[in-house]
Number of protein chains: 2
Amino acid sequence: MMKNHYEKLKGCRASKNRDEVLFVMENQNCPLSVEEIYGKVKAKNSSISLSTVYRIIDKLLNLEIIRKAATLEDNTSLYELTKDSHHHYMICTKCKKMIPIDICPIEELEHKISDSTGFNITGHKFELYGECKNCAQKQDRS
Amino acid sequence: MMKNHYEKLKGCRASKNRDEVLFVMENQNCPLSVEEIYGKVKAKNSSISLSTVYRIIDKLLNLEIIRKAATLEDNTSLYELTKDSHHHYMICTKCKKMIPIDICPIEELEHKISDSTGFNITGHKFELYGECKNCAQKQDRS
DNA sequence: CTATTAATGCAAATGATTTGCATTTGCATA
DNA sequence: TATGCAAATGCAAATCATTTGCATTAATAG
């Protein structure tokens, strides 16, 4: 029975399923879809239902323990722990590999734009799509 | 019967529906969803089916007469004419109003990132979300 | 004018996500 | 420790944007 160390979960009732989801997300180096999390939790043994994963994700989002990290071109959402540093991704449209981009060109822009428009910016989306080196090479052969 | 002036449609068979869709998009100052286009075309008179609009959008995308301009937080896609200049939007999460941003911080970045990673960047997504001045004021009263 | 095939309409399928509802379970408290 | 309530869960059904199968209509090449 793992003990989680999330201050933000203080008010919450204990839940094995939620712990499993968090465990999966802790031990991952890139954002995951709900379906992937579901698969990984089940693979470990635990029976869990897909809708439960969705509800856990929803709760973790509200508690800001996780954030939506990116959206694939097919609109599948990917999530990552908030404690991981903020960054954006380059997403290969072929193999779906995600490469973190260490630059966030947006934060400084937000202020400028916010000031000049009176728009209260609460979030932003920034993703690059393309082909990773691997997939580009594969295609050369065809 | 309007005559369209799209070189790119040369190979295509004439279609009143497609003309209507293009007409709607021409006379619009912000990106539209498929549902909105559908509504506007029908409002004018013409009977058209939603799936036809989807197919027309698909074709216009392929011909690069339109592009996907943004995606709302609920994943609805919005489209605009390619001939309109490339820009991004600030989207009010309350009233859905879209305010174009005249800066695209990404194009110059793309080269840098492309060079350093070997990633062949073909597209990007950049959107700001927040509350517009109007909606922020309304909320103050509550 | 006629054959070919793109364009269309309609209903059903998809796929991610959400929700209703009955059941289980954590946990505070009697 | 027993009891009750609310949160967590499972399952199936509902949603919602988008796609697709299939039969029909219509544009246009020859």
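The B:Val34 side chain lies nearest to D:dT18 when the options are D:dT18, D:dA8, C:dA7. Listed candidates were D:dT9, C:dC10, C:dG26. Nearest to the side chain of B:Ser49 is C:dC10. For B:Arg55, the side-chain atoms get nearest to D:dT20 when compared with the rest of D:dT20, D:dA8, D:dG10. For A:Ile56, taking side-chain heavy atoms from C-beta onward, the closest of the listed nucleotides C:dT17, D:dT19, D:dT9 is D:dT9. Minimum atom distance to the side chain of B:Lys59 is reached by C:dA7, of the listed D:dC11, D:dA17, C:dA7. Of the candidate nucleotides D:dT18, C:dT17, D:dG10, D:dG10 has the atom nearest to the side chain of A:Ser47. Distances from the side chain of B:Arg13 to the nucleotides C:dT17, D:dA17, D:dA26 place D:dA26 closest.
With rounding to the nearest 0.5 Å, the separation of CG in B:Asn120 from OH in A:Tyr129 is 15.5 Å.
Note on the helix from C:dC1-D:dG30 to C:dA30-D:dT1: terminal axis deviation equals 20°, with five pairs used at each end and the result rounded to 10°.
Between the CZ atom of B:Arg18 and the C1' atom of D:dT28 there is a distance of 13 Å, rounded to whole Å. Going from atom CG of A:Leu72 over to atom P of D:dA17 covers 20 Å, rounded to whole Å. The separation between B:Leu78 atom CG and D:dT18 atom P is 9 Å, rounded to whole Å. Across the protein-nucleic acid pair, B:Lys68 atom NZ and D:dA17 atom P stand 14 Å apart, rounded to whole Å. Rounded to whole Å, atom P of C:dA16 lies 11 Å from atom CD of A:Glu36. In this entry the distance linking CG of B:Asp58 with P of C:dA6 reads 14 Å, nearest Å. Rounded to an integer number of Å, the gap from A:Leu50 CG to C:dG15 P is 14 Å. If you take NZ of A:Lys42 and P of D:dG10, they are 10 Å apart, rounded to a whole angstrom.
Put simply, A:Thr52 has a side-chain N or O that comes within less than 4.0 Å of OP1 or OP2 on D:dG10. A close approach under 4.0 Å does not occur between any side-chain nitrogen or oxygen of B:Ser15 and OP1 or OP2 of C:dA6. The side chain of A:Thr76 places no N or O atom within less than 4.0 Å of a non-bridging phosphate oxygen (OP1 or OP2) of C:dG15. Checking the phosphate oxygens (OP1, OP2) of C:dT18, no side-chain nitrogen or oxygen of A:Tyr54 falls inside 4.0 Å.
Note on B:Arg67 versus B:Glu80: salt bridge recorded, some NZ/NE/NH1/NH2 to OD/OE distance being below 4.0 Å. Here B:Glu26 pairs with B:Lys83 in a salt bridge; the nearest charged N to carboxylate O distance falls below 4.0 Å.
Between the side chains of A:Asn17 and A:Ser15, no donor-acceptor pair is found at a separation under 3.5 Å. A:Thr82 and A:Glu64 form no side-chain donor-acceptor contact under 3.5 Å, judged by distance and modelled atom types alone.
A donor-acceptor contact shorter than 3.5 Å is absent between the side chain of A:Asp58 and the backbone of A:Tyr54.
Note on ring orientation: taking the six-membered ring where Trp is involved, the planes of A:His124 and A:His86 are perpendicular (angle over 60°, cut-offs 30° and 60°).
When the nearest nucleotides of DNA chain D are assigned to B:Glu35 and A:Cys12 by heavy-atom distance, the more 5′-ward of the two goes with A:Cys12. In terms of position along DNA chain C, the nucleotide closest to B:Ala14 lies nearer the 5' end than the nucleotide closest to the other residue of the pair B:Ala14 and A:Ala14.
Base engagement by A:Ser51 is indicated by at least one non-hydrogen atom pair under 4.0 Å involving a base atom. Heavy atoms of B:Asn17 sit under 4.0 angstrom from primed sugar atoms or phosphate atoms, though from no base atom. Residue contacts shown for B:Ser33 are absent, as no nucleic acid heavy atom lies under 4.0 Å away.
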### Task
Run the numbers on A:Asp102 and A:His87 for side-chain contact (heavy atoms from CB on, under 4.5 Å), then give the verdict.
CA-CA 6 Å; A:Asp102 52 351; A:His87 48 224; over 6 Å; no
### Message
Could you walk me through whether B:Ile113 and A:Ile99 satisfy the side-chain contact (heavy atoms from CB on, under 4.5 Å) test, starting with their C-alpha distance in whole Å, then the side-chain angles of each, then the deciding distance to 0.1 Å, before giving a yes or no?
### Response
CA-CA 11 Å; B:Ile113 292 171; A:Ile99 299 159; over 6 Å; no
